[in-house]
Amino acid sequence: MTVSLDLTAEGARDALRARSTEKPSLIGLTRAELGEALVGAGIVPERQAKMRAQQLWHWMYVRGVSDFAHMFNISKDLRAALDKHFTVARPEIVEEQISSDGTRKWLFRFPPRGAGRPVEIETVYIPEEGRGTLCISSQVGCTLTCSFCHTGTQKLVRNLTTEEILAQLLTARDRLGDFPDRDTPDGAIVPAEGRKVSNIVMMGMGEPLYNFEAVKKALLIASDGDGLSLSKRRITLSTSGVVPEIARTGEEIGVMLAISLHATNDDLRDLLVPINKKFPLKELIAACKAYPGLSNAKRITFEYVMLKDVNDSLDDAKALVKLLKGIPAKINLIPFNPWPGTNYQCSDWETIEKFADYINNAGYASPIRTPRGRDILAACGQLKSESERMRKVDRLALEAMMIAGHGEA
Ligand code: SAH
Ligand code: SF4
């Protein structure tokens, strides 16, 4: 059973708020920038900047407040001044879908930011025993053209801002009652203990390393110990292989890395993941081996989509094990998630199991998990800006659930 919530009233309110807020958001600024913004607006004296920035930080990221009016330890006058100049409001939620297995999918609308039209992106939440994972987008569309990826058929519209990347996390936590003093909605399927959103994966739309600065800032705020406080071990960034930014990801962000590998030789990888022509396997593997902080306790996840008769033979499995030799690695086998118009098919279940057995015997745990959110088509790599209807036969095929298995439980 799928539940689609009617957010009309709420959506309209958000839209109104969005329209009335040409004001800059305070979400996504560093503490120093926050202080500068307050002083720059002339509403906080220089000597109070640090203290006020800290106060706001707590309200925005620990308490999850989206309205200055609720910041009770700030004077009424200052709250009014803040509201005049800035916003901390959430984006417009166009749609929220809830799958019978508890998977949730939101369609968010963000303003155009300059020329063009407003943009829409999807964010997915997958609850499991012991953890809840949020799959976040970094761009609207993608400049890359991986041949099996639906996002790859869409042109890049624009990069998401730091605020928009964080807004996906903040709004998901709002909707799940995952801030202090908030209630989880009745009947929601969430982890039995701990935080509702315990892990995040940058595996929605877009190539995060082509939006490096915004992604870096957002992930540093998400992992800030005095704020959103997500452990960097529970944040995974997935890249198609933008080699020059891989070392920086480890050094400057320090999160877990996932590589969309999908092929073990350059000829095939050139076809599946065309960025390989620019940064071939040899360079990619060298960058992985040199990933800062890499150890058996901090492994790289290699994603490998199972495409029937393309990359799913036992020889491919052998080549995969050989290629990854010496790298502390996890392998994530992803059943291909078909989309209308694709020429690829998902490998047979038997083939996937044989492939997985080989890899397991070589010492890699490579769980293939039950596809999730099937009834609402919620799978990463499958996120799209328009909710396009899929044919039933496509829908009945395996839907990928590659999030499972990323980050710590
Ligand atoms: N752009 C980044 C992150 C987003 S995609 C990247 O490519 O890594 C997240 C994962 O889903 C990637 O491994 C991607 O290759 C995979 N993917 C894309 N389309 C898919 C599909 N139709 N079925 C299964 N996996 C897919
Ligand atoms: Fe872009 Fe990743 Fe899709 Fe490739 S797989 S087109 S990099 S979103």
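Start at 1 and go down the list; that is how both ligands and their atoms are numbered. Not measured: the values here are computed from a predicted model.
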Handout entry: Whether His262 lies under 4.0 Å from ligand 1, heavy atom
Key = yes
Heavy-atom pair of closest approach, residues [X] and [Y]:
X      : Y      : result
Asn311 : Phe355 : O-CE1, 3.6 Å
Met256 : Arg233 : CG-O, 3.6 Å
Lys308 : Ser347 : N-OG, 3.4 Å
Tyr125 : Lys196 : OH-O, 2.5 Å

Hey, which atoms in ligand 1 end up nearer than 4.0 Å to a heavy atom of [X]?
X      : answer
Trp339 : 22 (N)
Glu303 : 10 (C), 12 (C), 13 (O)
Cys149 : 18 (C), 19 (N)
Val305 : 24 (C), 25 (N)
Ile334 : 24 (C), 25 (N)
Thr239 : 6 (C), 8 (O)

Which is closest to [atom] by heavy-atom distance: [options]?
atom                    : options                        : result
atom 9 (C) of ligand 1  : Gln139, Met202, Met203         : Met203
atom 7 (O) of ligand 1  : Ser147, Gly204, Ser260         : Ser260
atom 7 (S) of ligand 2  : Thr151, Leu144, Val242         : Leu144
atom 1 (Fe) of ligand 2 : Gly141, Ser238, Cys142, Ser138 : Cys142

If I apply the N/O under 3.5 Å rule, does [X] come out as touching ligand 1?
X      : result
Gly206 : yes
His150 : no
Pro208 : no

Practice task
May I ask you to decide if the ring planes of Phe108 and Phe110 are parallel, tilted or perpendicular, using 30° and 60° as cut-offs?
Solution key: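 Geometry flag for Phe110 against Phe108: parallel rings.
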Problem - Aromatic ring pairing Phe148/Phe336, orientation class (parallel under 30°, perpendicular over 60°, tilted between) - result: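 Ring orientation, 0 to 90° scale: perpendicular.
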Exercise for the section: Please check if atom CG in Asn73 has more than 12 non-hydrogen atoms from other residues, nucleotides or ligands closer than 6.0 Å. Expected result: yes
Problem - Flag if over 12 foreign heavy atoms under 6.0 Å of NZ, Lys354 - result: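 Not more than 12 within 6.0 Å, no.
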Handout entry: Check: Gly141 main-chain N/O paired with Lys155 side-chain donor or acceptor under 3.5 Å
Key =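 Answer holds: no.
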Handout entry: Glu164 and its salt bridge (charged side-chain N to carboxylate O under 4.0 Å, His left out) partner, picked from Lys217, Arg158, Arg109
Key =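 Option passing the salt bridge (charged side-chain N to carboxylate O under 4.0 Å, His left out) with Glu164: Arg158.
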Problem - Mode of Cys146 contact toward ligand 2 - side chain, backbone, both, neither (heavy atoms, under 4.0 Å) - result: both
Handout entry: His150 backbone or side-chain N/O/S under 2.8 Å from atom 3 (Fe) of ligand 2
Key = no
Practice task
Heavy-atom contacts with Ser240 under 4.0 Å: which atoms of ligand 2 show up? List them by number with element.
Solution key: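 Within the 4.0 Å cut-off of Ser240, ligand 2 contributes 7 (S).
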Exercise for the section: Verify whether one side chain among Ser313 and Asp316 offers a donor that lies under 3.5 Å from an acceptor in the other. Expected result: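 Yes, a side-chain donor-acceptor pair sits under 3.5 Å.
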